[in-house]
Amino acid sequence: MKWLQKYIKITQYLFYSILSTILDTCIVWIAFHMAGLGLSVSNTLGIIAGFILSYVLSVKKVFDAQHSSGAFIIYLSTSVIGMFAANYLITTTYRLTIAYVPKWFAFFLSKGVSIVLPFFLMYFMRKYLYIKLNKRRQSL
C-alpha cells in the first residue's frame, strides 16, 4: 500500500481530470457537431468548463494549496498553456486522420491525444509551482 500513498495525488488528479474531461468532451461534441462551431472554438469552450471544475476540485486536495489569487493564477496560467497545447494537438491530429477514418473516430482520436499529453504537462507544472507557492507562504 506504500505505492498507493506515493501516487495518491496523481491518482486524485486523474480522477478529477476524468470528471472534467467528461464535461469538456460533451461540450466540445455539442458545440462542434450540433452547434456547428469550429473545432478550436468548441475545444476552448470545453476546456474552460473543465478548467473551472478541475480548479474547484483539485487545488486543495491534490496540490495542498488554499483557494487564493496566487493559486488561481497558477491554475489559470497552466491551463492556458495546456489549452494552446490541446488546441494544437486536436486540430493537427484531426487534420491528419480525417481523410482516413470516419469523422466521429477522427474526433475522438484527436480529442484523446489533446487530453493525454496536456494532462501530464499541466500536472507537473502545477505540482512544481504549488510547491514553490507553499514554500513561499511558509517562509512569510
Side-chain angles (χ1 to χ4, degrees):
M1 284 303 189
K2 208 171 198 178
W3 66 269
L4 182 62
Q5 288 178 336
K6 183 177 180 181
Y7 298 108
I8 192 74
K9 296 294 183 180
I10 197 165
T11 304
Q12 286 175 320
Y13 184 71
L14 176 63
F15 177 72
Y16 297 147
S17 294
I18 289 169
L19 293 177
S20 298
T21 300
I22 291 168
L23 175 65
D24 171 352
T25 303
C26 289
I27 289 171
V28 176
W29 177 266
I30 291 167
F32 182 60
H33 289 285
M34 300 176 139
L37 297 176
L39 189 56
S40 287
V41 171
S42 300
N43 200 51
T44 300
L45 292 174
I47 288 170
I48 290 169
F51 159 79
I52 293 167
L53 181 61
S54 181
Y55 173 76
V56 170
L57 296 174
S58 297
V59 168
K60 285 185 178 184
K61 295 245 181 204
V62 176
F63 299 109
D64 301 320
Q66 298 299 316
H67 289 283
S68 66
S69 58
F72 183 78
I73 289 168
I74 289 171
Y75 219 85
L76 180 62
S77 61
T78 55
S79 291
V80 169
I81 292 167
M83 182 179 62
F84 281 113
N87 280 337
Y88 173 78
L89 291 166
I90 197 170
T91 55
T92 302
T93 306
Y94 189 80
R95 287 182 184 148
L96 290 173
T97 59
I98 191 63
Y100 306 104
V101 297
K103 186 177 180 179
W104 67 268
F105 187 80
F107 170 79
F108 283 112
L109 177 65
S110 58
K111 186 61 181 165
V113 169
S114 77
I115 290 167
V116 173
L117 297 177
F119 168 84
F120 289 105
L121 173 69
M122 290 186 298
Y123 174 77
F124 288 110
M125 283 191 311
R126 288 171 178 162
K127 182 177 177 182
Y128 172 78
L129 293 170
Y130 282 120
I131 288 170
K132 290 280 201 188
L133 179 66
N134 289 337
K135 282 182 182 177
R136 189 171 137 232
R137 282 199 176 135
Q138 290 172 355
S139 68
L140 294 177

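Throughout, numbering of the chain's residues begins at 1 and tracks the sequence.
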What is the minimum heavy-atom distance between I10 and F120, and which atoms define it? CD1-CE2, 4.5 Å
On a heavy-atom basis, which atom in A106 and which in I98 lie closest, and how many Å separate them? CB-CD1, 3.9 Å
Give me the one residue out of T11, I18, L19 that meets side chain to side chain contact (heavy atoms under 4.5 Å, CB included) with F15. L19
Taking only residues two or more places apart in sequence or in another chain, which ones pass side chain to side chain contact (heavy atoms under 4.5 Å, CB included) with I73?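 Counting only residues at least two positions away or on another chain, I73 forms no side chain to side chain contact (heavy atoms under 4.5 Å, CB included).
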With no hydrogens and no angle check, is any side-chain donor or acceptor of [X] less than 3.5 Å from a backbone partner on [Y]?
| X | Y | value |
| --- | --- | --- |
| T78 | Y75 | yes |
| T93 | I90 | no |
| K135 | Y130 | no |
| T25 | I22 | no |
| T92 | L89 | no |

Relative to each other, are the rings of H33 and W29 parallel, tilted or perpendicular (30° and 60° limits)? tilted
Y94 vs F32 aromatic rings, parallel, tilted or perpendicular, using cut-offs 30° and 60°?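 Y94 vs F32 ring planes: perpendicular.
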For residues 103-119, which residue pairs pass the salt bridge (charged side-chain N to carboxylate O under 4.0 Å, His left out) check, not counting sequence neighbours?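 Residue pairs with at least one partner in residues 103-119: D24-K111.
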